[in-house]
Amino acid sequence: MTGIYRRLTFTLAVAALVGLLLPLDLLAQGMYNAKPAKLPWKIAFQRDKNIWLMNGDGSNQRLWRPFGNVAGKMSFSPDGRTLIWARQGEFTYNLPDGGGGGRRLFDLFLAEVDSTREGYWRWVTFNHGSRGAEFSPDGQRIVYCYDLNANIVDAELPDYQIVHSRIDGSDLKKLARPDARPGECQGMDPTWSPDGKQVAFTYFLRRRANIGEGSKDAPTRPLGLVVVPATGITAGEDELEAMARQNGDAVMPAWSPDGRAIAFVSSNSADGSIYLINPDLTNRRKLVEKTDRLVPAQAPVSWSPDSKWIVFSTVDGFIYVAPTDGSGKPERITSGGNDYMPVFSRK
């Protein structure tokens with residue numbers, strides 16, 4: 001029995017040694033992740049204004065679409081098969097009697113993530129003023145920001161309207177009140193509630209202001225977070241303004257898949273942290289605190305499908321994930337230094 005025991009002990013010791021060395025060998029080959037993957041979903045993100053894909057733990061980073069002009073928020077369809085994004089262009093003009101200017105232009109595009117047709121994509125909008133799209137919970141429509149003045153050559157100010165349409169850009173509907181005047185009900189960064197009944201967005205204020213002997217529009221500026229019916233805005237401008245001022249630094253909202261919270265970034269330069277708030281805009285609580293080494297970018301965050309994680313980028317171009325229950329610190333998952341706008345797949 002003693003000999004059998006010794007042989008068994010030796011066998012177990014060899015097995016343990018092999019088990020230790022095998023992961024080290026695979027790690028050296030870049031084939032083994034020393035930290036178990038806790039996030040099983042894909043993440044799309046932007047690097048050098050191109051679209052990249054990676055696993056939820058930051059592994060298997062690969063270039064997906066080398067456009068060089070991708071801009072702003074991206075969104076996966078509910079089935080995880082399609083990604084929508086905006087691309088940026090620009091134009092400059094010279095007026096006949098002198099003077100001129102320029103403007104950035106945006107349109108929306110989408111493609112199936114796993115399509116074998118490399119370089120394939122579809123053009124969604126043709127109005128040169130659309131960006132920041134998000135799929136509806138049923139995947140049949142998209143909500144986004146549309147600058148109605150994008151095609152007006154010498155427009156002094158944008159008119160950012162929250163609209164939604166079918167995924168081919170047809171059947172466009174504005175959220176603005178039917179009686180709204182130009183420049184009213186403005187907003188950016190829309191996000192659907194998971195039941196599809198409400199839309200949250202960053203409200204923009206543009207009011208008439210007397211300047212000198214004349215009168216002209218005051219500059220457009222973000223005023224805070226509002227939540228409105230997806231069927232259309234019914235509140236007046238004063239009511240929208242009062243709602244927005246409850247959280248006047250809230251920008252880039254993102255509704256959680258479980259419907260229980262909205263994440264946003266503080267636009268206050270002295271703060272700059274990421275917060276959660278209830279859908280009724282109460283119970284504001286800090287989720288990711290800005291520090292000397294971690295400064296969240298003024299960009300949308302994205303929720304994991306189970307609402308237990310968010311992914312976000314920082315001003316110095318790194319991507320982090322963080323638990324939404326506050327149980328752990330943010331964990332960096334990229335090291336490119338030029339990575340922004342991450343978004344979780346929804347499947």
Side-chain angles (χ1 to χ4, degrees), residues 43-44 71-78 80 82-86 106 108 110 130-146 160-165 167 173-176 185-204 222-233 235 240 243-244 246-247 249-267 274-282 284 287-288 296-307 309-313 324 341-346:
I43 294 176
K73 177 181 175 179
M74 303 186 292
S75 176
F76 277 95
S77 59
T82 304
L83 185 70
I84 190 166
W85 66 90
F106 301 90
L108 297 174
L110 60 77
S130 296
R131 54 177 157 163
E134 182 178 296
F135 278 96
S136 63
D138 63 7
Q140 300 302 304
R141 299 184 71 82
I142 49 176
V143 65
Y144 50 98
C145 170
Y146 172 23
Y160 296 126
Q161 293 294 317
I162 305 299
V163 303
H164 58 88
S165 69
I167 60 174
K173 298 182 184 299
K174 290 198 301 182
L175 285 191
C185 298
Q186 289 196 91
M188 295 186 74
D189 320 314
T191 179
W192 293 94
S193 63
D195 61 8
K197 294 181 179 180
Q198 294 177 294
V199 173
F201 63 90
T202 306
Y203 173 65
F204 272 61
L223 198 62
L225 176 63
V226 298
V227 177
V228 302
T231 52
I233 295 173
L240 288 173
M243 187 189 310
Q246 295 178 55
N247 295 278
D249 62 333
V251 295
M252 311 289 180
W255 215 307
S256 65
D258 63 11
R260 299 173 63 183
I262 298 172
F264 67 85
V265 183
S266 171
S267 63
I274 297 174
Y275 287 85
L276 300 182
I277 197 168
N278 291 352
D280 63 0
L281 305 184
T282 62
R284 169 176 171 150
L287 178 62
V288 177
Q298 294 285 303
V301 307
S302 177
W303 293 80
S304 62
D306 63 1
S307 298
W309 300 87
I310 61 163
V311 62
F312 64 95
S313 56
T324 57
M341 301 289 175
V343 57
F344 272 118
S345 171
R346 293 163 72 175

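Starting from 1, each residue takes its place in the sequence as its number.
For Pro257 against Pro194, the heavy-atom pair with the smallest separation is O-CB, 3.3 Å. Contact detail for Gly196 and Ala230: the closest heavy-atom pair is O-CB, 3.4 Å. Pairing each heavy atom of Ile167 with each of Gly139, the nearest pair is CG2-O, 3.8 Å. Across all non-hydrogen atoms, the minimal contact from Phe76 to Val343 is CE1-O, 3.6 Å. Taking both residues in full, the closest heavy atoms of Ser266 and Tyr275 are given as CB-CE1, 4.0 Å, listed atom of the first, atom of the second, then distance. The two residues Cys185 and Ile233 come nearest to each other via the heavy atoms CB-CD1, 3.9 Å.
Scanning for side-chain hydrogen bond (donor to acceptor under 3.5 Å, both in side chains) contacts around Thr324 gives an empty result, with sequence neighbours left out. For Met188, the side chain to side chain contact (heavy atoms under 4.5 Å, CB included) partners are Arg131, Cys145, Tyr160, Phe204, not counting sequence neighbours. Scored by the salt bridge (Lys or Arg N to Asp or Glu O under 4.0 Å) test, Arg260 finds no partners at all (sequence neighbours excluded). With sequence neighbours excluded, the residues forming a ring pair (Phe, Tyr, Trp, His ring centres under 6.0 Å) with Phe312 are Tyr320, listed by chain and number. Contacts of Ser130 classified as side-chain hydrogen bond (donor to acceptor under 3.5 Å, both in side chains), with partners at least two apart in sequence or in another chain: Asn127. Residues satisfying the side-chain hydrogen bond (donor to acceptor under 3.5 Å, both in side chains) test with Ser345, not counting sequence neighbours, are none. With sequence neighbours left out, Gln140 forms a side chain to side chain contact (heavy atoms under 4.5 Å, CB included) with Asp138. Residues meeting the ring pair (Phe, Tyr, Trp, His ring centres under 6.0 Å) test with Phe201, sequence neighbours left out: none. Not a single ring pair (Phe, Tyr, Trp, His ring centres under 6.0 Å) links Phe135 to another residue, sequence neighbours left out. Every residue two or more places apart in sequence or in another chain that forms a salt bridge (Lys or Arg N to Asp or Glu O under 4.0 Å) with Arg141 is listed here: Asp171. For Asp306, the side chain to side chain contact (heavy atoms under 4.5 Å, CB included) criterion is met by Trp41, Ser304, Lys308, Trp309, not counting sequence neighbours. For Tyr144, the side-chain hydrogen bond (donor to acceptor under 3.5 Å, both in side chains) test picks out Ser165, with sequence neighbours left out.
The backbone N or O of Thr231 lies less than 3.5 Å from no partner atom in the side chain of Lys173, so there is not a single donor-acceptor pair. Side chain of Ser302 to main chain of Phe344: a donor-acceptor pair is present (N/O by atom type, distance under 3.5 Å, no hydrogens or angles). The backbone N or O of Ala297 lies less than 3.5 Å from no partner atom in the side chain of Ser313, so there is not a single donor-acceptor pair. In this structure, the side chain of Ser193 engages the main chain of Gln198 through a donor-acceptor pair within 3.5 Å. A side-chain donor-acceptor contact under 3.5 Å links Trp303 to the backbone of Ala254. One N or O on the side chain of Ser307 and one on the backbone of Asp258 form a donor-acceptor pair closer than 3.5 Å.
For the atom pair CE of Met252 and OG1 of Thr191, the computed distance is 12.5 Å after rounding to the nearest 0.5 Å. Here the CG-CG distance, from Leu287 to Leu276, works out to 4.5 Å after rounding to the nearest 0.5 Å. Here the straight-line distance linking atom OG1 of Thr202 with atom CG of Asp189 works out to 4.0 Å at 0.5 Å rounding. How far CD1 of Ile84 is from CG of Leu108: 5.0 Å, rounded to the nearest 0.5 Å. Separation of atoms CD1 (Ile262) and CZ (Phe264) is listed at 9.5 Å; rounding is to 0.5 Å. Within the model, atoms CG of Asp249 and CZ of Arg284 stand 4.0 Å from one another, a figure rounded to the nearest 0.5 Å.
Side-chain contact between Pro300 and Met341 is present, with heavy atoms from C-beta onward closer than 4.5 Å. Residues Met243 and Tyr203 form no side-chain contact, since every pair of their non-hydrogen atoms from C-beta on lies 4.5 Å or further apart. No side-chain heavy atom of Glu134 sits under 4.5 Å from any side-chain heavy atom of Pro190.
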Practice task
Tell me, with the steps shown, if Ile142 and Leu110 meet side-chain contact (heavy atoms from CB on, under 4.5 Å).
Solution key: CA-CA 11 Å; Ile142 49 176; Leu110 60 77; 6.0 Å; no
